[in-house]
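Whatever order the structure lists them in is the order used to number ligands and atoms, beginning at 1. Worth knowing before you read on, the calculation uses all heavy atoms, side chains too, and leaves out hydrogens, waters and symmetry mates.
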Amino acid sequence: MKKLKGINFSAFVLGSRSNYCIDKEVSTITSLQRMNDACITKIKSPNGCIFYQKKKKIDCEAIRDIEDLRKEGLTNKACPYYLSRDLLSSTQIVFMPYNMLLQESTRESFGIDLDDSIVILDEAHNLIDAINQMYTTVVTFENIMNAENSLNSYFTKYEKKFSGKTKMYLKQLQMILNAFVKYDKKSQESVITANSLLNQLNISHINVFKIKSFVDESGLSNKLIGFNDKNNLKSEFANISPIQDLLDFCLSLMNSDSDGRVFIENNSFKYVNLNPSIAFEPLVARCKSIILAGGTMDPVESFVDQLMPNLDRSRFGLFSCGHIIPKENLIVTVIEKGPTSKPLILNYETKYRLDVIDELGRALLNIIQVIPFGCVVFLPSYNTLESVLQRWEQIGILNKISGKKKIFKEPTEGSNVTNLLRDYNRTINLIQQKPDASHITGCILFSVVGGKMSEGINFSDDMGRAVIMIGMPYANLQSQQLQEYLLYADKSAPKGKMTPKRTELYENMCMKAVNQSIGRAIRHINDYAAIIFLDSRYTQKSIVSKIPKWISNQLVPNHNFGPCFTSISKVIAAAFLI
Ligand code: SF4
């Protein structure tokens, strides 16, 4: 937004109440749902919200980020949240998070009209995951019990004051809750369709959409929270509308039966969306054009298939360009055998084989000798990371690595990432300043593909002169959720059978995660790095075809470690001028 200032067009950031509310009480509420309810209740109360009452016409030509609008609201004592909504129709460019764009109910509640608009989705490689996450809903058994308890007490206390209509909706809600409470999950299958669950619960005749409208209009969620507070029905759910999760889950059950599955787990019901096109095709139908922009969009074909299965392909255009770096700034190699000629392949069968783990350790130890400064190593999962490091510690490999690189490991807690990266960067900066002070030439950071380091964190310049990929992060084929995704991708064969279409999707999922991770090191035109795959499967044709062209075009497979190590150390030395 700062870069756009001074340019002659209007733009602003559409945000939620948590971004924009300036009311002292409401703005401190931590749950967004509760904040929304509290705002509506306040506006409707006899005193109202003083910021809501004061409307102001504001200049549409200026470009505003969240801070600008908040300042404007505070100066004029006018609610920035409602100011932002007023700006929608008159502003040329509106920035908004995925969920506001992709959920029809949210678009409607904000009054976002997509007809004839141009939509640009940045970081679009995350789109399918984002949609699936957005459309996945979970309600826990504890939450259901809590909601039932709260609603029953509320109903008993105020029954005489309720209108006939209110009573009817509250009774329907009680009926739904009661059906969930009585549901005998032990006697049922653990994965079922939405319709099966509705029938088993015997609630398919209830119109959940009408109940949802009633709850929204009456502010029932917030009233129940207030009622709980007053009557000491407090629980860990004190800040959450007790019926909100249940309603969201029930609304998911209204989707087309084939588009999702219900997973009945130990302590929850979970609805998983299998069809990301339900969120995306309405955009395709309404927008003038949509631009999906991303750095790691490969493999594009499967992406388009999942998001826009009904799109006339003549309407789809692909523009793909190489990376801006000169090709000598990137070294890409697959090393198929380790220093003692053992094959390097860490898969489901070999992940506990000590000879394989030891050989990988020896290969890594050799490679880091020639990599200057930072080196990021990715492994397929947290379990594999732990077991591999444990073994390398036992046989002294970690100790030898620590003689050359200071060792860091991805933290399990997200809150520790900032501190770890600060220490990692600081160590490399110190080594840059005093290169001869010790034999340590940099840092090595052990991370997990798809973990906290594989997206949104840049290892540019000396922070990442090599990304080393050990193994392939295939998802667990035993996972029921994955099985349902694969079944959805190809309904022609029974569940559990790998057809070419399913294999393709399965590989795509894996390679999407790999591509995210290997793109961490090259971040600008003058950057340079090595990408080293320590697993022979990265030479397979179908796998290479899923690596972005700017990387795969440079890929050199190396069958044997000795000659390969000599050649890569020469190339690295020449390329990196060390
Ligand atoms: S009207 Fe605006 S300032 Fe008032 S409570 Fe709602 S969001 Fe907050």
Side-chain angles (χ1 to χ4, degrees), residues 1 10-91 93-113 134 150 154 166 212-230 234 237-245 247-248 251:
M1 287 296 277
S10 55
F12 81 100
V13 180
L14 190 62
S16 63
R17 287 182 176 88
S18 65
N19 301 120
Y20 282 128
C21 179
I22 52 172
D23 178 83
K24 253 189 193 164
E25 277 170 29
V26 179
S27 64
T28 55
I29 297 173
T30 46
S31 144
L32 179 61
Q33 180 58 45
R34 193 174 172 189
M35 184 183 272
N36 289 339
D37 291 341
C39 166
I40 291 162
T41 309
K42 184 153 194 160
I43 290 171
K44 286 183 181 168
S45 69
N47 292 333
C49 171
I50 51 160
F51 303 111
Y52 179 75
Q53 287 151 2
K54 185 157 180 191
K55 300 251 178 192
K56 181 186 172 276
K57 190 160 172 40
I58 58 171
D59 172 19
C60 295
E61 293 307 311
I63 294 168
R64 289 178 178 79
D65 57 21
I66 290 177
E67 275 318 301
D68 288 342
L69 259 185
R70 279 183 66 90
K71 246 188 245 164
E72 188 118 19
L74 283 165
T75 313
N76 296 290
K77 302 226 174 325
C79 170
Y81 174 73
Y82 283 99
L83 281 178
S84 76
R85 294 179 60 143
D86 288 348
L87 279 174
L88 249 183
S89 56
S90 54
T91 305
I93 301 178
V94 181
F95 294 85
M96 65 182 84
Y98 273 5
N99 65 326
M100 286 187 185
L101 179 73
L102 294 165
Q103 276 179 318
E104 198 173 344
S105 56
T106 315
R107 281 202 302 274
E108 273 171 12
S109 76
F110 275 87
I112 299 167
D113 180 6
M134 237 176 264
S150 164
Y154 179 75
T166 302
K212 169 77 174 143
S213 303
F214 160 75
V215 169
D216 289 346
E217 281 160 23
S218 64
L220 179 67
S221 295
N222 213 34
K223 284 178 186 164
L224 283 177
I225 294 169
F227 178 79
N228 283 358
D229 286 349
K230 244 194 214 164
K234 276 190 184 168
F237 303 106
N239 277 328
I240 305 166
S241 308
I243 50 171
Q244 201 55 49
D245 286 352
L247 274 178
D248 289 343
L251 283 172

*Asks:* Can you find a heavy atom in the side chain of Glu72 that is under 4.5 Å from one in the side chain of Glu67?
*Replies:* no

*Asks:* Of the side chain and backbone of Tyr20, name the one, both, or neither that has a heavy atom under 4.0 Å from an atom of ligand 1.
*Replies:* neither

*Asks:* For ligand 1, which atoms have a heavy atom of Ile22 less than 4.0 angstrom away?
*Replies:* 3 (S)

*Asks:* Using a strict cut-off of 4.0 Å, indicate which atoms of ligand 1 neighbour a heavy atom of Tyr82.
*Replies:* 1 (S)

*Asks:* Does some side-chain heavy atom of Leu14 sit less than 4.5 Å from a side-chain heavy atom of Phe95?
*Replies:* no

*Asks:* So if I count the atoms of ligand 1 from 1 in the order they appear, which ones are less than 4.0 Å from some heavy atom of Cys21?
*Replies:* 3 (S), 5 (S), 7 (S), 8 (Fe)

*Asks:* Using atom types as modelled and distance alone, determine if a side-chain donor or acceptor of Arg70 lies under 3.5 Å from a backbone N or O of Tyr81.
*Replies:* no

*Asks:* Has Cys49 got an N/O/S atom less than 2.8 Å from atom 4 (Fe) of ligand 1?
*Replies:* yes

*Asks:* Does some side-chain heavy atom of Val13 sit less than 4.5 Å from a side-chain heavy atom of Tyr20?
*Replies:* yes

*Asks:* Going by the atom numbers of ligand 1, which of them fall below 4.0 Å from some non-hydrogen atom of Tyr52?
*Replies:* 1 (S)

*Asks:* Does atom NZ (Lys44) have a neighbourhood of more than 12 heavy atoms from anything else shown, all under 6.0 Å?
*Replies:* yes

*Asks:* Can you list the atoms of ligand 1 that are under 4.0 Å from a heavy atom of Asp23?
*Replies:* 3 (S), 5 (S), 8 (Fe)

*Asks:* To which of Ser27, Cys79, Cys39 does the heavy atom nearest atom 6 (Fe) of ligand 1 belong?
*Replies:* Cys39

*Asks:* Among Asn36, Val215, Ile40, find the one that has a side-chain contact (heavy atoms from CB on, under 4.5 Å) with Ser221.
*Replies:* Val215

